[in-house]
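Here's the structure, in C-alpha cells; my notes come after.
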Amino acid sequence: MSENTVIDSSATAAPFDAKTFRHTLGQFATGVVVIATEVDGEIHGMTANAFMSGSMSPPLVVVSVDKRARMHALLEQSGDYSISMLAADQESFSRHFAGQPDAQCNVHFERLDGQPVISGALAWISTRIVSRSDCGDHTLFIGEVSHLRSFVEKKALAFHQGCYVDITKP
C-alpha cells in the first residue's frame, strides 16, 4: 500500500459516547501545565493539558478551559494568565491544582512580569488575554506572551492514557 492510499473506514465506524471520545483523546501524550491567575490579591491555579502554541508572530498561546470551571470566570475577570510547565518531580502540584488538594503539597509561587508562576517548574510563560473563542463546552483563551523563561536542565511531567508517565525512559 502506498503512502497516499486512503482507506474508507466509515462503513465500519460505530457511534461513540463521551467516555469513548475522552479515552481516544487520552492516547495523545501531553505535557502538564498549571494555568494561574490572580484576582483580588488571591492566586488561583488549575491543572491542564489542553495547552498549545498558537502563533509565532505575534507570540500567542492557547488554553482550553471548561465553561463550568471556576478558572473560566477568573480568567474572564483577570484578563491574563500564566503557564507553569510542570517538571517531572511536580506530579503532586498537578494533582493539587486538579482538585486533589494535599496538605503536604507546599506550592511556592514566584513572579514573571507580575504574574504568579510555580517555583521549580520546567518553564514559565506570562500572557495577556487578547481573544476568546467558543469551543463547545469550553472556551479557548488566547494569550499574547509578554515574558517567558525556561529551565532546560529539567525533565517534563507527561500525561498519557489517564496516567502520569516518565518520558525519559526508553
Backbone of S82 reached by a side-chain donor or acceptor of W124 within 3.5 Å: no
Check: G143 main-chain N/O paired with Y81 side-chain donor or acceptor under 3.5 Å: yes
Polar contact flag, side-chain donor to acceptor under 3.5 angstrom, S146-S126: yes
E144 versus T127, side-chain donor and acceptor atoms under 3.5 Å: no
Donor-acceptor under 3.5 Å (T37 side chain, L75 main chain): no
Side chain to side chain contact (heavy atoms under 4.5 Å, CB included) assessment of L140 paired with R132: CA-CA 6 Å; L140 303 179; R132 296 155 184 80; over 6 Å; no
Pairing of K67 and E76 as salt bridge, 4.0 angstrom limit: no
Electrostatic pair R68-D66, nearest N-O below 4.0 angstrom: yes
Test item: Q90 side-chain N/O and S119 main-chain N/O as donor-acceptor pair under 3.5 Å: yes
L86 backbone acceptor or donor facing S84 side chain under 3.5 Å: no
Between NE2 on residue H44 and CD on residue E38, distance to nearest 0.5 Å: 8.0 Å
Test item: M85 and I125 side chains (from C-beta on) under 4.5 Å apart, heavy atoms: yes
